[in-house]
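Below: the structure, in structure tokens.
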2 protein chains.
Amino acid sequence: MQAKPLTATLKKYHQLRRDVIKYLYFHKSLTITELSKLIHKSVPIVTSAVMDLIAEGYVLESALSKSTGGRRAVMYLINPAKKRFLVSVAMDQLVTRVVIYDLLNNVRQGSASLSFTLTENPEDIEILIKFLKGYLQQSNIPVEEILGIGIGMPGFINTKQGINYTFFKLKNNGSLRNHLSKELGLPVFIDNDSSLTALAELRFGAGQNLKEVLVVNVGWGSGLGMIINGSLFRGHSGFAGEFSHIPLSQTNKLCSCGKRGCLEVDTSLLVLVERAEKEIANGVSSRLEALFKDKSKLPGDHFLVAARDGDPLAVSILSEAAFLIGKGIATLIHIMNPELIVVAGRGAIAGKILMAPIQQAMNEFCISRIADQTTIVVSDLADTAELLGAAILIVENCQFN
Amino acid sequence: MQAKPLTATLKKYHQLRRDVIKYLYFHKSLTITELSKLIHKSVPIVTSAVMDLIAEGYVLESALSKSTGGRRAVMYLINPAKKRFLVSVAMDQLVTRVVIYDLLNNVRQGSASLSFTLTENPEDIEILIKFLKGYLQQSNIPVEEILGIGIGMPGFINTKQGINYTFFKLKNNGSLRNHLSKELGLPVFIDNDSSLTALAELRFGAGQNLKEVLVVNVGWGSGLGMIINGSLFRGHSGFAGEFSHIPLSQTNKLCSCGKRGCLEVDTSLLVLVERAEKEIANGVSSRLEALFKDKSKLPGDHFLVAARDGDPLAVSILSEAAFLIGKGIATLIHIMNPELIVVAGRGAIAGKILMAPIQQAMNEFCISRIADQTTIVVSDLADTAELLGAAILIVENCQFN
DNA sequence: ACAATCTTAGTAAAAAATTTATTAATGAAG
DNA sequence: CTTCATTAATAAATTTTTTACTAAGATTGT
């Protein structure tokens with residue numbers, strides 16, 4: 001008897017099942033009525049899907065909900081006894097981290113990290129594979145309990161095909177995702193780091209239940225993850241949110257992208273550190289001088305901590321950059337009219353120091369009727385955002401078995 | 001027997017009926033299968049709706065479609081004998097035009113126009129009502145044959161409530177749409193001029209069948225209509241696309257909005273005309289000197305025609321402005337990664353003269369991998385775009401009776 | 001030329017999903 | 001403490017979709 005092609009009905013059923021698990025993952029516990037509204041499916045059919053998932057051990061019935069004025073509803077949640085795990089990988093230009101979560105967002109296997117400067121060198125792929133293989137092996141989790149590996153990385157990424165056009169290029173222009181999946185023997189999903197940060201803010205951070213959210217990822221560059229109409233917006237070919245390279249700088253410095261005047265040339269953390277080092281060499285005194293000698297942390301992180309703690313040199317350099325980012329944010333607000341802007345990424349460490357000049361730039365460059373419609377906050381997910389986003393990526397795309 | 005509240009089933013049926021008419025209006029003629037795909041409803045149910053519409057005289061069966069390799073399908077189109085009309089009104093800061101179309105986009109009543117500089121004066125509303133009442137009266141079309149009045153106008157517009165926060169403000173902060181509807185005895189729909197221009201490009205212009213399209217409306221200011229995921233994007237509170245006031249200008253001139261450095265201060269047609277007049281006063285010779293004396297046309301239109309025809313002064317002033325608009329477009333491309341950008345509005349008259357410096361700015365300010373994903377064209381709908389958009393607004397919102 | 005085969009359209013019957021009606025459970029008001 | 005209002009859950013009715021089947025025309029190969 002040969003394998004039947006999936007019928008339309010069966011496909012629908014699998015989608016429904018996935019949606020139930022997905023929303024229980026996002027919201028911890030929900031009633032049938034709530035699930036029905038979130039999934040846009042009728043109560044009877046959601047009920048039957050939930051019953052099936054209970055039979056499979058994926059879902060558990062829990063206490064009754066608080067009363068809302070009528071009969072109290074039964075609440076459902078993901079069964080903590082069902083062993084299913086998410087391997088989350090978060091990369092940036094300099095560091096790669098990995099952690100394993102369960103479906104309740106508890107850390108199952110503590111994070112490991114690798115100093116790993118991304119290049120266009122094809123050997124990078126082998127380094128990444130070796131790192132992940134080692135990590136997975138020592139975790140001792142059976143493969144059938146791992147739902148997939150989600151990886152956030154910088155670069156122009158085609159999520160459909162699983163190709164990163166900037167880093168990790170395969171010789172034959174093949175799919176990085178498929179290659180990793182084959183090598184690691186698990187489903188792999190890749191996406192842009194800023195997009196995953198935005199996803200995390202949407203599901204577990206400041207953007208919960210909102211529809212139009214922009215997440216500015218301040219770090220080595222300034223990424224932008226966009227939530228439009230409640231879901232990730234990637235643009236026509238997946239390159240939307242290239243905030244770092246909009247022409248905004250007054251200086252004429254050449255950017256790494258080959259153009260002049262990009263926002264990045266004046267706001268990249270690397271540039272700010274460089275500027276601080278130059279000032280120190282010129283004899284300006286600063287806590288940074290001592291901090292930079294501690295090589296256990298990246299200079300960029302030292303710089304942000306110093307700024308947060310009020311070191312005058314760091315604050316002054318950061319403020320200037322933040323004002324320019326604020327000008328960029330003013331541009332975003334005029335074009336997109338978002339409900340919320342979240343300042344996330346490494347830069348969020350500096351918190352208020354960063355926000356003051358951004359707010360000032362918004363006051364100066366925004367029509368107040370428009371700016372009034374947008375709230376702006378600093379992320380409180382901090383450096384877990386990208387890891388959570390990678391986990392969400394898996395939950396939104398994997399097959400639950 | 002009292003009026004029953006609309007059941008869910010009945011609502012669905014009305015929506016389906018509207019969708020059939022809407023897509024036939026957009027595509028002129030379609031098969032059941034095509035309709036089914038566009039509406040995302042099954043073939044049997046679409047068939048029954050089409051049959052009902054034929055019985056009502058709204059829809060006509062026409063010849064068989066061209067063969068696509070199998071049995072040829074019956075094509076359906078809107079019945080030209082069914083008398084239903086759309087009153088389209090297109091306003092800008094200086095001129096208001098009106099025309100009446102039928103559902104095949106034929107002009108039923110020739111366009112009338114009114115020189116009418118928008119102010120914040122409440123009397124503006126009375127002027128508009130009087131103008132429209134007169135026009136409707138002389139058209140001699142019975143009210144029951146008019147499906148509605150669609151109006152495109154500048155300003156910050158709340159389409160849900162039908163309020164324009166910038167112009168035509170009612171004393172009691174009431175709904176302009178409802179007020180006009182009551183006064184004119186017809187359903188009225190209002191929207192932003194640039195949004196309607198974008199809608200026209202999406203349905204009848206360069207953006208047909210595309211998903212991510214930006215329409216830059218070059219005129220007295222530079223509006224932006226955004227198509228995202230195949231439908232109009234208005235942002236969280238309806239103010240998205242405020243392209244005119246993004247901080248891009250190097251000059252520090254004060255803008256009408258109260259801020260400095262807005263794109264508009266260097267690119268508004270009004271500013272360009274002013275600049276030309278100053279140059280002429282300084283003794284520069286130009287065809288414009290003569291043209292400006294002809295008061296039958298607006299100076300801005302004279303200016304654009306002169307530029308199109310190669311007058312050196314007009315070309316030089318326009319080119320400088322267009323380069324800045326191009327810089328703004330480069331910003332849009334980096335953020336939105338659109339499939340297509342359409343340059344529309346009055347400015348489109350200048351065509352190639354406008355495009356050359358825009359293209360140049362794109363080359364200078366765009367990362368080519370991103371810019372390569374975007375096509376940029378000049379609209380060929382010209383000044384009918386906003387009128388067509390207003391008609392679409394009616395078709396997308398009215399009740400067909 | 002003309003079957004045989006392939007493709008697409010349209011229709012009927014079967015299956016699935018939604019809607020509506022009904023019953024259940026709870027809190028608040030009198 | 002009973003009645004009423006409110007929400008949840010379930011059963012029955014209705015609608016919609018899916019699948020299977022028939023129709024109509026195009027293409028290919030002999």
Side-chain angles (χ1 to χ4, degrees), chain A residues 1-20 23-24 27-55 59-77, chain B residues 1-20 23-24 27-55 59-77:
Chain A
M1 189 174 152
Q2 68 180 55
K4 277 185 270 183
L6 276 192
T7 62
T9 309
L10 210 53
K11 267 190 193 169
K12 274 191 183 180
Y13 174 73
H14 282 301
Q15 185 56 52
L16 175 58
R17 212 178 95 94
R18 278 216 294 272
D19 283 345
V20 170
Y23 284 111
L24 289 178
H27 292 90
K28 308 303 172 208
S29 95
L30 291 168
T31 67
I32 295 280
T33 309
E34 289 166 337
L35 275 168
S36 165
K37 277 181 187 144
L38 287 167
I39 302 177
H40 300 292
K41 292 274 149 187
S42 68
V43 168
I45 201 177
V46 171
T47 306
S48 85
V50 170
M51 295 311 146
D52 287 359
L53 286 167
I54 289 176
V59 170
L60 217 55
E61 194 175 313
S62 79
L64 295 182
S65 65
K66 286 209 194 78
S67 171
T68 52
R71 174 173 171 179
R72 292 166 65 197
V74 175
M75 308 227 42
Y76 299 90
L77 43 79
Chain B
M1 187 174 157
Q2 67 181 54
K4 278 184 270 184
L6 276 190
T7 62
T9 310
L10 210 53
K11 267 190 193 169
K12 273 191 182 179
Y13 175 72
H14 282 300
Q15 185 56 53
L16 175 57
R17 213 179 95 94
R18 278 217 294 273
D19 283 345
V20 170
Y23 284 111
L24 290 178
H27 293 90
K28 306 303 171 207
S29 93
L30 290 168
T31 66
I32 296 279
T33 308
E34 288 166 337
L35 276 167
S36 165
K37 278 181 187 145
L38 287 167
I39 302 176
H40 300 292
K41 292 274 150 187
S42 69
V43 168
I45 202 177
V46 171
T47 306
S48 86
V50 169
M51 294 311 146
D52 287 358
L53 286 167
I54 290 176
V59 170
L60 217 55
E61 192 176 314
S62 78
L64 295 182
S65 65
K66 286 208 196 78
S67 170
T68 52
R71 175 172 168 177
R72 291 166 64 196
V74 175
M75 308 227 40
Y76 298 90
L77 43 80

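All heavy atoms count here, side chains included; hydrogens, waters and symmetry mates do not. Each chain gets a letter, A, B and so on, in the order its sequence line appears, and its residues count up from 1.
Applying the 4.0 Å criterion to OP1 and OP2 of C/dT19, one finds that A/Ser42 has every side-chain N and O outside that range. Close to D/dT19, at under 4.0 Å from its OP1 or OP2, lies a side-chain N or O of A/Thr9.
Atom NZ in B/Lys66 sits roughly 18 Å away from atom C1' in C/dA9 (whole-Å rounding). Summarising the geometry, the separation between NZ on B/Lys12 and C1' on C/dA17 is reported as 8 Å, rounded to the nearest angstrom. The CE-C1' distance, from A/Met75 to D/dA8, rounds to 13 Å in whole Å. D/dT7 atom C1' lies 13 Å from atom CG of A/Leu64, rounded to whole Å. One can place CZ of B/Arg17 at 18 Å from P of D/dT15, the figure rounded to the nearest angstrom. Taking atom CD1 of residue A/Ile45 and atom C1' of nucleotide D/dA12, one finds them 17 Å apart after rounding to whole Å. B/Ile32 places its CD1 atom 16 Å from the C1' atom of D/dT16, with the value rounded to the nearest Å. Atom P of nucleotide D/dT7 and atom CG of A/Leu30 are separated by 18 Å, given to the nearest angstrom.
Of the candidates C/dT19, C/dG10, C/dA12, C/dA12 carries the atom nearest the B/Pro44 side chain, counting heavy atoms from C-beta on. Listed candidates were D/dT19, C/dG10, D/dA9. Nearest to the side chain of A/Ala8 is D/dT19.
Nearest-nucleotide mapping onto DNA chain C: of B/Val74 and B/Gly70, the residue sitting toward the 5' end is B/Gly70. Residue-to-nucleotide proximity on DNA chain D shows that, of B/Arg72 and B/Lys41, the 5′-proximal contact is made by B/Lys41.
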**Message:** Would B/Ile54 and B/Leu60 count as a side-chain contact (heavy atoms from CB on, under 4.5 Å) here? Give the steps.
**Reply:** CA-CA 6 Å; B/Ile54 290 176; B/Leu60 217 55; over 6 Å; no

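A/Val43 comes within 4.0 angstrom of a base, heavy atoms only.
Using a 4.5 Å cut-off on side-chain heavy atoms (C-beta onward), A/Val74 and A/Leu64 make contact. A/Leu16 has its side chain within reach of A/Lys41: a pair of non-hydrogen atoms, C-beta onward, lies under 4.5 Å apart. The closest side-chain heavy-atom distance from B/Tyr76 to B/Leu53 is not below 4.5 Å.
Rounding to the nearest 0.5 angstrom, the gap separating the CG atom in B/Leu24 from the CG atom in B/Leu35 is 5.0 Å.
For a distance-only test at 3.5 Å, the side chain of B/Arg71 fails to qualify as a donor-acceptor partner of the base of D/dA24.
Annotation: proximity of residues 46-54 of chain A to DNA chain C (heavy atom, distance under 4.0 Å) is found for no residue.
Of the listed residues (B/Leu30, B/Leu38, B/Ile32, B/Ile39), just one forms a side-chain contact (heavy atoms from CB on, under 4.5 Å) with B/Val20, and that residue is B/Ile39.
Summarising the local packing, NZ of B/Lys28 is surrounded by more than 12 heavy atoms from other residues, nucleotides or ligands at distances under 6.0 Å.
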